[in-house]
Protein chains: 2
Amino acid sequence: MRVLTNRASAVPALAEAFREHGFEGASLAVLSKATGLGKGSLYNFFPGGKEEMMEAVLADIDHWFCEKIFLPLERANDPATAISSMFEYVTAYFRSGRRVCLLGCLTLNTAGVEFAVIVKEYFARWISALSHCLEVGKVSRDFTRQLAEETVSGIQGAIVLARALDDDATFNRVLRRQHSALIDAITA
Amino acid sequence: MRVLTNRASAVPALAEAFREHGFEGASLAVLSKATGLGKGSLYNFFPGGKEEMMEAVLADIDHWFCEKIFLPLERANDPATAISSMFEYVTAYFRSGRRVCLLGCLTLNTAGVEFAVIVKEYFARWISALSHCLEVGKVSRDFTRQLAEETVSGIQGAIVLARALDDDATFNRVLRRQHSALIDAITA
DNA sequence: ACAAGATTGTACTGATCGGTAAATGTATGT
DNA sequence: ACATACATTTACCGATCAGTACAATCTTGT
């Protein structure tokens with residue numbers, strides 16, 4: 001009765017395909033090649049088609065971010081190391097900007113409207129988690145939200161810019177400065 | 001012998017369609033509806049198909065940015081007002097983040113690889129123009145490029161975030177802070 | 001008025017799209 | 001061994017894709 005043995009293992013490949021081609025651009029032929037599964041197998045695991053595949057991918061991403069980013073920020077009693085850890089994970093996750101933020105991409109054209117609430121909650125939680133962490137770090141409440149917004153926004157922008165310039169040094173530079181801006185805010 | 005009367009006038013509509021649907025998502029049916037031109041007319045004006053349409057759109061955008069943003073920054077003898085003017089134009093142009101940056105979008109999936117060099121030059125020029133303007137403003141040369149990178153990157157991120165949260169106040173807030181960061185750097 | 005050229009609408013191509021159906025294959029519990 | 005449930009392959013569906021061909025229409029200079 002081994003169920004779902006492969007559905008979960010197909011998700012990372014689907015994620016990479018969606019990242020590379022976008023939701024519309026990732027045709028079933030592409031997804032089939034990316035996963036090594038035939039069209040029939042994909043529909044066996046994801047009867048809802050591309051939409052269900054994307055939902056599974058988004059759930060997987062959300063799970064990762066909750067574990068590695070959101071919860072540590074929300075539960076931090078040492079804000080500085082929590083924030084440093086966040087930047088380390090983020091830099092590695094987005095491969096210095098070579099890897100796209102799937103959630104960010106979905107915001108940019110009409111193909112992603114069906115996932116708008118998922119995307120909104122993802123960014124809202126990231127901002128509020130970081131904001132809370134800064135508050136624990138004794139940053140004035142007038143600035144926590146603004147700093148958090150700026151950081152999350154800045155990460156998205158760094159991905160765009162790094163890809164545009166085809167230079168991951170840009171990504172690392174921008175993130176390093178954002179990192180130290182937050183640390184400065186805490187220790188000030 | 002009136003030639004090209006309508007080609008130029010179709011470009012803004014094409015631009016809006018590409019913004020909304022992306023390059024792949026903007027089918028000829030969509031482009032036809034957006035411009036009010038039949039498929040035959042579109043191919044009459046743009047024999048190269050979608051790719052030529054996108055190139056025309058990008059050339060149009062580049063022209064606008066050169067005139068309104070890049071040249072004023074490059075020729076500024078009053079850096080503070082040049083920068084303020086840039087932020088005004090940018091906020092209006094991107095409609096507080098409701099309007100997407102077409103050049104930024106093209107970086108995020110494989111659909112835009114054919115336009116990679118155009119996109120790269122656009123961002124490179126923006127950064128170097130802003131960087132030069134800061135230098136005129138007596139900002140230390142160690143920081144001009146970093147500040148410029150951060151600003152251009154931050155604008156892209158603000159668009160993503162504003163759309164994700166469906167809240168243009170976020171966009172305005174992030175840009176306002178970036179604006180004052182640059183002004184502070186100049187007058188310091 | 002008339003001819004030349006620019007513009008448009010319509011119909012078509014072959015390819016690919018997302019999705020479905022059914023037949024076949026494979027594993028497992030009894 | 002056998003039945004059952006899951007997995008995969010293959011073939012197929014109608015719709016839509018980008019692009020082409022061409023006839024019909026409209027502009028414009030003379």
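Per chain, numbering begins at 1; letters A, B, ... match sequence-line order.
Taking 4.0 angstrom as the limit, B:N44 places a side-chain polar atom (N or O) nearer than this to OP1 or OP2 of C:dT7.
Rounded to a whole Å, the CG atom of A:L42 is 9 Å from the P atom of D:dT8. One interatomic measurement links the two molecules: CG of B:N6 to P of D:dT27, which rounds to 11 Å at whole-angstrom precision.
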Scan the side chains in residues 40-51 of chain B for donor-acceptor partners under 3.5 Å anywhere in the protein, sequence neighbours excluded, and list what turns up.
unit_1 : atom_1 : unit_2 : atom_2 : d
B:K50  : NZ     : B:F23  : O      : 2.8
B:K50  : NZ     : B:E24  : O      : 3.4
B:K50  : NZ     : B:A26  : O      : 3.2

Report, one line per pair, each donor and acceptor closer than 3.5 Å where one atom sits in a side chain of residues 102-121 of chain B; sequence neighbours left out.
unit_1 : atom_1 : unit_2 : atom_2 : d
B:T107 : OG1    : B:G104 : O      : 2.5
B:N109 : OD1    : B:A111 : N      : 3.1
B:T110 : OG1    : A:E20  : O      : 3.2

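Taking B:T81 as the reference, B:D78 meet the side-chain contact (heavy atoms from CB on, under 4.5 Å) condition, with sequence neighbours excluded. Residues that satisfy the side chain to side chain donor-acceptor pair (under 3.5 Å) test with B:S128, not counting sequence neighbours, are absent from this structure. With sequence neighbours left out, A:E74 forms a side chain to side chain donor-acceptor pair (under 3.5 Å) with A:R125. B:Y93 meets the ring-ring contact (aromatic ring centres under 6.0 Å, His included) test with B:W64, B:F65; sequence neighbours excluded. In this view, A:D167 and A:L165, A:A169, A:T170, A:R173 satisfy the side-chain contact (heavy atoms from CB on, under 4.5 Å) rule, not counting sequence neighbours.
Judged as a ring-ring contact (aromatic ring centres under 6.0 Å, His included), the pairs with a partner in residues 165-188 of chain A (not counting sequence neighbours) are, in order, A:F87-A:H179. A ring-ring contact (aromatic ring centres under 6.0 Å, His included) check over residues 137-157 of chain A, counting only residues at least two apart or in different chains, returns nothing.
Closest to the side chain of A:F45, from the set D:dA18, D:dA7, D:dC12, is D:dA7.
In the helix from C:dA1-D:dT30 to C:dT30-D:dA1, the rotation axis of the first five pairs and that of the last five pairs differ in direction by 10°, rounded to 10 degrees.
Contacts between residues 47-59 of chain B and DNA chain D, counted as heavy-atom distances below 4.0 Å, involve B:G49, B:K50. Of the residues in residues 20-37 of chain A, those with a non-hydrogen atom less than 4.0 angstrom from any atom of DNA chain C are A:A26, A:S27, A:L28, A:A29.
Residue B:G40 is classed as a base contact, given a heavy-atom separation below 4.0 Å to a base.
A:K39 contributes a side-chain N or O that forms a donor-acceptor pair with the base of C:dG19 under 3.5 Å.
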### Task
For the pair B:E16 and B:R99, evaluate salt bridge (charged side-chain N to carboxylate O under 4.0 Å, His left out) and give the outcome as yes or no after the intermediate values.
CA-CA 9 Å; B:E16 234 45 55; B:R99 206 187 196 197; 3.1 Å; yes
### Task
Kindly determine whether B:I83 and B:T151 satisfy side-chain contact (heavy atoms from CB on, under 4.5 Å), including the steps that lead there.
CA-CA 11 Å; B:I83 284 170; B:T151 306; over 6 Å; no
